[in-house]
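First up is the structure itself, then whatever we jot down about it.
Below, chain A is the first sequence line, B the second, and so on; all start at residue 1.
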Protein chains: 2
Amino acid sequence: MPYDPSAFPPFAVTVDLVVLTVRTHSLCALAVRRGESPFQGRWALPGGFVRADEDLAQAAARELAEETGLSVHDPAAPAQDNGAHLEQLATYGDPERDPRMRVVSVAHLALAPDLPAPRAGGDASNARWAPVEELLRQGDGRDGEPVAPLAFDHAQILSDGVERARSKIEYSSLATAFCPPEFTVGELRRVYEAVWGVALDPRNFHRKVTGTPGFLVPTGGTTTRQGGRPAQLFRAGGATLLNPPMLRPEV
Amino acid sequence: MPYDPSAFPPFAVTVDLVVLTVRTHSLCALAVRRGESPFQGRWALPGGFVRADEDLAQAAARELAEETGLSVHDPAAPAQDNGAHLEQLATYGDPERDPRMRVVSVAHLALAPDLPAPRAGGDASNARWAPVEELLRQGDGRDGEPVAPLAFDHAQILSDGVERARSKIEYSSLATAFCPPEFTVGELRRVYEAVWGVALDPRNFHRKVTGTPGFLVPTGGTTTRQGGRPAQLFRAGGATLLNPPMLRPEV
DNA sequence: GTGTTTATCGTCAGGCAGACGACTATGATC
DNA sequence: GATCATAGTCGTCTGCCTGACGATAAACAC
């Protein structure tokens, strides 16, 4: 039996994506330039409408694939191909958040390795990786690109996503989602340093991550791509929760 | 300029509430009996449609007040009246989750002290506090009331809410939201024991909570309402994040 | 008073993190 | 080829925190 549509107000439901990666020692997010009003020409988070027959996670995965070509890493799959990690972040539904209509946006958080070049409908100039502190910096616009802040409430969403990532790598093995399938302890440490914005002691970090059972699995190979002494290569192990957690240094 | 409504599918947006409290040493959730189809007569989480001019948090607070009479504790307010803690939990949007229509539900988690008696539109028989393990027990129905599981995907939502509460009292002072404005260390310990379902050492617990700066503020009073030696009374202090956290014992 | 209950203080050993020294193995430079 | 710079890896030491548990304190019931 269909339901009386007049009994409730109709909403548009969208998914917005906070896609994070680490490049050149800083935490970056994917931003797309808006082609239409409102906020035309401003930078925004990628996103779009949820389709009628789609689950929220499916919609987020579809948008992620459309924007970056990344597929979502299936948590059940044992092998760590270079799919991204995707999880629901939070939902934003202020009545005024979109001037056109009542839109509720289910934001998702994606963590990806560095490699992919952004592509927004084939047009590279309309999508870019930008350091999050640049995207969140409120319009001082000295020399950085984005004089204007992000469209809609996307600065809030991005900020929440970054905070989620920062806290989640403390107690989970999620930092490996920023790394290629095989990586060194030093590369993993640079991920933590970029996400947290701090410097970590390489010796204590090495002791901690190699001493946590299930976190890292040695592949046997070594690499020297970072210069210096060759480093052992690892894959992410099966452990998802770290106990005891990594400790984020005080401010 | 209004937006073309045919460009996106319309959704109904609801809020559902996981309201938790601790009574007689066990973690309980608020359940209401459904009066109409689908799932007529089954127990469900309280909830309702988000109104056209309402924020999501406002809608959740309104539903909470309607069902329990509880007001939401303003995080900015210093005084701890017996308002409840309310936070967004997650959003559920499977296309099949409601057989009538496409409904996206933004679930919220509320933590409240024991006192309030439930009332669902004035009819007490249609609302009750039930131990969460009873609500989540899948239809063995030996002697417990709910032979049938919760309506819709509410078992999943309740399960997610309980897990959120269990983990959040580890690293935040949120357990005090289950306590009356003034409480003893022993009462707070019983909250942890009920939520985690474990027994804690009273001496180590006492040392930990009284030694964490900003967690507890002594009021000067004492009480003997638990029997035994009189215990000091405390209020919740200003600290919201506990560092280092409370440690949940292994299984 | 004796027993019971709950609260509170103390002690001790083990584990883990921060600080930091020392050594190793590569490539770059002279 | 020696030297230097760079990164990686192994150890040591100290202090803090936790878990296990003994001991004492202050109420109530009988």
Practice item. List in numerical order all residues of residues 219-229 of chain B for which some heavy atom is under 4.0 Å away from an atom belonging to DNA chain C. Key: B/Gln226, B/Gly227, B/Gly228, B/Arg229
Practice item. Provide, to the nearest angstrom, the distance between the CD atom belonging to A/Glu170 and the C1' atom belonging to C/dA17. Key: 14 Å
Point to revise | Interface residues of residues 185-208 of chain A with DNA chain C (non-hydrogen, below 4.0 angstrom) | key: A/Asp201, A/Arg203, A/Asn204, A/Arg207, A/Lys208
Check your understanding: Can you tell me how far the NE2 atom of A/His206 sits from the CG atom of A/Asn204, to the nearest 0.5 Å?
Key -> 11.5 Å
Revision key, fill the gap. The residue, B/Arg248 or B/Pro230, whose nearest nucleotide of DNA chain D is more 5′ is B/Arg248
Exercise for review: Would you mind telling me which of D/dT18, C/dT8, D/dA27 lies closest to the side-chain atoms of B/Leu247?
Suggested key: D/dT18
Check your understanding: Looking only at heavy atoms, what is the nearest atom pair of B/Tyr192 and B/Ala175, with distance?
Key -> CE1-CB, 3.5 Å
Review point. Quick one: do A/Glu163 and A/Arg248 make a salt bridge, cutoff under 4.0 Å?
Key: yes
Practice item. Please determine if A/Glu170 and A/Arg164 form a salt bridge, counting it only when a charged side-chain N lies under 4.0 Å from a carboxylate O. Key: no
**Study point:** Euclidean distance, B/Asp201 CG relative to B/Arg207 CZ, rounded to 0.5 Å
**Key:** 8.5 Å
Exercise for review: Decide yes or no for B/His108 and B/Glu63: does some side-chain heavy atom of the first lie under 4.5 Å from some side-chain heavy atom of the second?
Suggested key: no
Point to revise | Interatomic distance where CG belongs to B/Asn243 and C1' belongs to D/dC17 [whole Å] | key: 12 Å
Review point. Are A/Phe183 and A/Phe234 close enough that their ring centres sit under 6.0 Å apart?
Key: no
Check your understanding: Does the pair A/Asp160 and A/Tyr92 meet the rule for a side-chain hydrogen bond (donor to acceptor under 3.5 Å, both in side chains), with working shown?
Key -> CA-CA 11 Å; A/Asp160 292 349; A/Tyr92 300 81; 2.5 Å; yes
